[in-house]
Amino acid sequence: AALVALLAHGAPVALDARADLAAAAEAVREGLDADHLRDLAAASPDVARRRGAALCLALLGDAAARGVAERDPDADVRAEVAALLARVGARG
């Protein structure tokens, strides 16, 4: 839960191969407002906040994360969100 809170606030948190994605997704569901995350991911001028919100949404497999992976102005954000979506999808 602490990792997700840091991520949602734009901290440079890495969700590496050891991260428990199911637990992180549950923490997002329980502790964060998905609508607010969608707003941040779509419109925050702060790239770190956009990244964090989009990664939280990616943990949920949310369609807004797919939009960020396709259209965010920052190539690194697009790539990171797309990679997490792929991992979440593989987890199934």
Side-chain angles (χ1 to χ4, degrees):
L3 176 122
V4 168
L6 290 170
L7 186 62
H9 285 91
V13 175
L15 293 169
D16 63 21
R18 296 180 309 262
D20 183 345
L21 299 182
E26 187 61 27
V28 171
R29 271 189 219 79
E30 290 180 359
L32 299 174
D33 178 351
D35 287 333
H36 181 65
L37 291 172
R38 288 182 195 103
D39 290 344
L40 284 174
S44 178
D46 181 344
V47 69
R49 294 295 302 268
R50 265 193 341 268
R51 172 194 170 270
L55 290 172
C56 286
L57 292 168
L59 287 166
L60 302 177
D62 192 278
R66 288 187 286 282
V68 170
E70 294 169 0
R71 295 183 293 278
D72 193 87
D74 187 284
D76 291 336
V77 171
R78 289 192 311 269
E80 195 170 354
V81 172
L84 184 55
L85 282 166
R87 286 177 59 201
V88 167
R91 183 189 79 215

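Source: prediction; values computed, not measured.
A donor-acceptor pair is defined here as one N or O able to donate and one able to accept, closer than 3.5 Å; such a pair exists between the side chain of Arg66 and the backbone of Gly61. Panel note: side chain Arg29, backbone Ala25; a donor-acceptor pair is recorded below 3.5 Å.
Side-chain atoms of Leu15 and Leu7, non-hydrogen and from C-beta on, do get closer than 4.5 Å to each other. Taking the side chain as every heavy atom from C-beta outward, Asp74 and Arg50 approach each other to under 4.5 Å. Between Val28 and Leu37, the closest side-chain pair of non-hydrogen atoms falls below 4.5 Å.
Minimum heavy-atom separation, Ala24 to Leu59: CB-CD1, 3.8 Å. Heavy-atom minimum distance, Val13 versus Arg51: O-NH2, 2.8 Å.
Every pair passing side-chain hydrogen bond (donor to acceptor under 3.5 Å, both in side chains) that includes a residue from residues 32-44 is listed here, sequence neighbours excluded: Asp35-Arg38, Arg38-Asp62.
Residues meeting the side-chain contact (heavy atoms from CB on, under 4.5 Å) test with Ala58, sequence neighbours left out: Ala65, Val81, Leu84, Leu85. For the side-chain contact (heavy atoms from CB on, under 4.5 Å) test, residues two or more places apart in sequence or in another chain that qualify with Arg78 are Asp72, Ala75.
Hydrophobic cluster membership differs between Leu40 and Leu60, with clusters built from Ile, Leu, Val, Met, Phe, Trp and Tyr side chains linked at under 4.5 angstrom.
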